[in-house]
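Working notes for the structure below.
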Amino acid sequence: MEYVLEACVDSVESAIAAQQGGAKRVELCGNLIIGGTSPGKALFQAVRKYTDLEIRVLLRPRFGDFCYDEYEFEIMKEDVQMYRELGADGIVTGILLPDGRLDSVRMGELIREAGNADVALHRAFDVCSDPYETLEGAVDLGIKTILTSGQKNSAWEGRELLRELVRRSDGRIEILVGAGISPETIEKLVPFTGAQAYHMSGKVTLESRMQFRRDGVSMGFPGFSEYEIWQTDADNIRRAVDVLEQF
């Protein structure tokens, strides 16, 4: 079997570390600290310049739910077109209807806009109303991958659903296991679920290079330090790849 390790990254440094660690591809995002949003064109071009990795680009216009208005959807379509023309290997996105079902009409539009690029359904899947119905809907649309934690906060918590999704998918679509993924959890999840694809950030927390520091001023969420940088660590990726190569 061929096992896949995908790294989710939001910087050039993280993408380079993912390649050094042996990742097969990256999901390129902005703002991973809030679960990821659509990255900028310049970031994509820099990652393409400095790595040889397959690049799937996250399309998520904002933090929050996955029920988008007409303005947000127009932005998403423009982004698909841009990244297709830039040569992205795939896009990663998801749109739900208010009742929690997959928005097959709008997803279909994005898939057609993507052309030959792969399309992956991201963790919008984990908050959909019926995972089995959504699995079949994704297959019918021609989606290549579903990124999921098994509708739990971590993949290990969601392992029962993940195993059933792998069984029901029967090779028709890639089940990409994400959330709380580490070399240790991969070692347990592979035999339990049968999944062959895993998604992780492999991040470590680095100290800011700033010497002068203004205490008590927050630029975003209270409680998060402005002087800590989250970045993918090549050794974390390498250890995960080593575990997968044992199977």
Flag yes if more than 12 heavy atoms outside [X] fall under 6.0 Å of its [atom1] atom; otherwise flag no.
{"X": "Arg209", "atom1": "CZ", "value": "no"}
{"X": "Asp130", "atom1": "CG", "value": "yes"}
{"X": "Glu2", "atom1": "CD", "value": "no"}
{"X": "Lys144", "atom1": "NZ", "value": "no"}

(message) The criterion is side-chain hydrogen bond (donor to acceptor under 3.5 Å, both in side chains); which residues satisfy it with Glu157, sequence neighbours excluded?
(response)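 Partners of Glu157 under the side-chain hydrogen bond (donor to acceptor under 3.5 Å, both in side chains) test: Ser154.
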(request) Each residue besides Leu58 in its hydrophobic cluster should be listed here, by chain and number; the cluster joins Ile, Leu, Val, Met, Phe, Trp and Tyr at side-chain heavy-atom distances under 4.5 Å. (result)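 Val92, all in the cluster of Leu58.
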(message) Please give the remaining members of the hydrophobic cluster of Leu147, linking ILVMFWY side chains under 4.5 Å, ordered by chain and number.
(response)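 Besides Leu147, the cluster holds Leu176.
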Taking only residues two or more places apart in sequence or in another chain, which ones pass salt bridge (Lys or Arg N to Asp or Glu O under 4.0 Å) with [X]?
{"X": "Asp126", "value": "Arg123"}
{"X": "Glu133", "value": "none"}
{"X": "Glu72", "value": "Arg62"}
{"X": "Asp242", "value": "none"}

If you define the side chain from C-beta out and look only at heavy atoms, does anything of [X] sit under 4.5 Å from [Y]?
{"X": "Asp103", "Y": "Leu96", "value": "no"}
{"X": "Ser208", "Y": "Arg213", "value": "yes"}
{"X": "Met76", "Y": "Ile95", "value": "yes"}

Partners passing side-chain contact (heavy atoms from CB on, under 4.5 Å) against [X] (at least two apart in sequence or in another chain):
{"X": "Asp170", "value": "none"}
{"X": "Val4", "value": "Lys24, Arg25, Glu174, Ala197"}
{"X": "Leu141", "value": "Leu102, Ser104, Met107, Ile111, Ile143"}

(message) Nearest 0.5 Å, please: how far is CZ in Phe73 from CG in Leu59?
(response)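 One finds 11.0 Å between CG of Leu59 and CZ of Phe73.
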Under 3.5 Å, sequence neighbours excluded: what are the donor-acceptor pairs made by side chains of residues 28-46?
{"residue": "Asn31", "atom": "ND2", "partner": "Thr37", "partner atom": "OG1", "Å": "2.8"}
{"residue": "Thr37", "atom": "OG1", "partner": "Gly30", "partner atom": "O", "Å": "3.4"}
{"residue": "Ser38", "atom": "OG", "partner": "Arg60", "partner atom": "N", "Å": "2.7"}
{"residue": "Ser38", "atom": "OG", "partner": "Arg60", "partner atom": "O", "Å": "3.2"}

(message) Determine whether Ile55 and Arg48 satisfy the following criterion, side-chain contact (heavy atoms from CB on, under 4.5 Å), listing intermediate values before the conclusion.
(response) CA-CA 8 Å; Ile55 305 174; Arg48 179 63 87 204; 3.7 Å; yes
(request) Check step by step if side-chain contact (heavy atoms from CB on, under 4.5 Å) holds for Tyr50 and Gln19. (result) CA-CA 10 Å; Tyr50 292 108; Gln19 177 164 287; over 6 Å; no
Show me the side-chain donor-acceptor pairs of residues 113-122 shorter than 3.5 Å, one per line, residues at least two apart or across chains.
{"residue": "Glu113", "atom": "OE2", "partner": "Arg84", "partner atom": "NH1", "Å": "3.1"}
{"residue": "Asp118", "atom": "OD2", "partner": "Arg56", "partner atom": "NH2", "Å": "3.4"}
{"residue": "His122", "atom": "ND1", "partner": "Ala124", "partner atom": "N", "Å": "3.1"}
{"residue": "His122", "atom": "NE2", "partner": "Gly94", "partner atom": "N", "Å": "3.2"}

(request) Compare every heavy atom of Phe247 with every heavy atom of Glu187, then report the nearest pair and how far apart it is. (result)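 Taking every non-hydrogen atom into account, O-CZ, 3.8 Å.
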(message) Please find the pair of heavy atoms, one from Ala195 and one from Tyr198, that lie closest to each other, and give the distance.
(response)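 So the two residues come closest at O-OH, 2.9 Å.
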(message) Taking Leu189's backbone N and O only, do any of them form a donor-acceptor pair with Thr193's side chain (distance below 3.5 Å, no angle check)?
(response)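 Between the backbone of Leu189 and the side chain of Thr193 there is a qualifying donor-acceptor contact (under 3.5 Å).
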(message) Using only atom types and a distance under 3.5 Å, with no angle test, would you say the side chain of Ser149 pairs donor to acceptor with the backbone of Ala155?
(response)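 No, because the side chain of Ser149 does not come within donor-acceptor range (under 3.5 Å) of the backbone of Ala155.
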(message) According to a hydrophobic-cluster definition based on side-chain heavy atoms being under 4.5 Å apart (Ile, Leu, Val, Met, Phe, Trp, Tyr only), do Met82 and Ile91 belong together?
(response)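 Shared cluster, yes.
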